[in-house]
Amino acid sequence: MPRFQRPTGTHDILPEDQPYWEYVTDFAVRLARQAGFERIDVPIFEATDLFARGIGTATDVVEKEMYTFTDKGGESLTLRPEFTAGVVRAYIEHGMHVRPQPVKLYSIGPVFRYDRPQAGRFRQFHQFNMEILGDMDPLADLEVMLLIWDLYAGLGFRNLSFQLNSTGCPRCRPGYVRVLQDYYLGHQNEVCEDCRRRTERNPLRVLDCKVETCQPVIAAAPSILDYLCDECAEHFAQLREYLDMLGRPYILNHRLVRGLDYYTKTVFEVWAAGIGAQAAVCGGGRYDGLAEILGGPSTPGVGVAAGIERIIMVMKTQGLTVPPLPTPAVFLAHLGDRARREAVRLADELRHAGVAVWTAFGERGLKSQMREADKRGARWVVILGEDELARGVAAVRDMTTGEQTDIGLEGLVSWLRERVGR
RNA sequence: GUGGGUGUGGCCUAAGGGAUAAGGCACCUGGUUGUGGCCCAGGAGAUUGUGGGUUCGAGUCCCACCAUCCACCCCA
């Protein structure tokens, strides 16, 4: 038999890592609920076309990172590479535009991108996602940004940098793209080969080129902020005003370009140190045209997606710890046949009474059972043997002090419940 | 898709081309009748990632593949 291995780029989340996952997801969910967000779960796979049209066929995500397959009915389906397209599809499909607007939704779960794994990058990873649908107010952009900021701040993150930009709208962006293109056409011999190609195919991407020789050209490139239409400029100005009013630091980065085509106006990312070259712990922005692209009523929207693995990686490198998950404080040890039966009955009763309890399996010596109790971190060991049974008691040992006392069987449940709590 | 590093029991590590691949952690069992942690003894657990090749002889050298890590790209 061949030994099986997890597929490339996937990870088993082992028990020892679960405290992080529970802590982070609980915290995020509480935060979202506190601001009136409701949970939505959408399918892990959708029609391939949904992502192709929503995200944009010229994007890397769609061009080379999708897990696409044909099902037995001949339908082309794709494992979701992100949440927004599915959530907006659900909004349209269920006529959520008749609900009180805006509709605020959060999601949490796995997403999939076929990519070469490296530090902080996986093929299956998890996102915490928030969307506000049906409102153009910059306050919606602000709320999403504030919440995501609070998420990181609440988890204790240090050295965050909030990158902010506006990517314009269909009215003003094309004009800027032309200006940028013209500018680059005049500098073709100074930039890298990739940028020469980008100038034609995806001009905005030249702005986040990392090649040394391209930097001077980028530095002198025209900024989109100078070409926004009145509406976009006003929207951006208002958002910044709120952020300034609240004293939230951010870095205006006119080179911030996002990899999904649906973005309009606000775009932002949060960068953190400590997870290798992949610094972004979340990305988001406004997507006022998406609902229409997907065949629905024109509906503005703004949202953010945070990568949970990256959050946890940052927490670990920054030394942020989380409380351990609870385990039973009571261990039931037993000796002999009759005692085992009584132990089984007692464990059942204890659990029904809300007392978490381990029991020993097999016919083992007391020493071995004690060792197990110790290693599992039990606070109390209840010892049942022929001797105790005959006297109608159980010996209860406090593992922290080593003190041991006999407790009558009829009062044992309440005795333990008092001490264990709950 | 491109480039580089690394693959020895569950984990960490040792073995100058030469014996039944060594040790630590973890795991299991004991150390007098039924009592944890420390200590001691013992046990189980590896066809050295896979397949070829060089050699009298390969964990060690060469090639290919696979996996993994890191980087580019792109992003969470």
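Remark: P of B:G3 and CZ of A:Arg116 are 9 Å apart, rounded to the nearest angstrom. With rounding to whole Å, A:Asp115 atom CG is found 14 Å from B:U2 atom P. Rounded to an integer number of Å, the gap from CD of A:Glu65 to C1' of B:C72 is 14 Å. In this structure, CD of A:Gln118 is placed 13 Å from C1' of B:U2, rounded to the nearest angstrom. For A:Arg123 and B:C74, the CZ to C1' distance is 14 Å, given to the nearest whole Å.
Residues meeting the side-chain hydrogen bond (donor to acceptor under 3.5 Å, both in side chains) test with A:His126, sequence neighbours left out: A:Glu309.
Judged by the 6.0 Å and 45° rule, A:Arg123 forms no cation-pi pair with A:Phe112.
Contact annotation for A:His11: backbone-only contact, meaning every heavy-atom pair under 4.0 Å involves sugar-phosphate atoms and none involves a base. Using a 4.0 Å heavy-atom cutoff across all strands shown, A:Ala119 reaches sugar-phosphate atoms only and no base atom. Residue A:Gln5 is in sugar-phosphate contact alone, with no base atom involved, counting any heavy-atom pair closer than 4.0 Å across all strands shown.
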Using a cut-off of 4.0 Å between protein heavy atoms and nucleotide atoms, how would you tag nucleotides 32-37 of chain B 5' to 3' with B, S and -?
-> --BBBB

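For the ring pair (Phe, Tyr, Trp, His ring centres under 6.0 Å) criterion with A:Phe162, the lone passing option out of A:Tyr250, A:Trp149, A:Phe157 is A:Trp149.
For A:Thr8, a side-chain nitrogen or oxygen approaches OP1 or OP2 of B:U68 to under 4.0 Å. The phosphate of B:C28 has neither OP1 nor OP2 within less than 4.0 Å of any side-chain N or O from A:Ser368.
No donor-acceptor contact under 3.5 Å links the side chain of A:Arg113 to the base of B:C74.
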Can you pull every protein N or O that's under 3.5 Å from an N or O on nucleotides 43-51 of chain B?
none

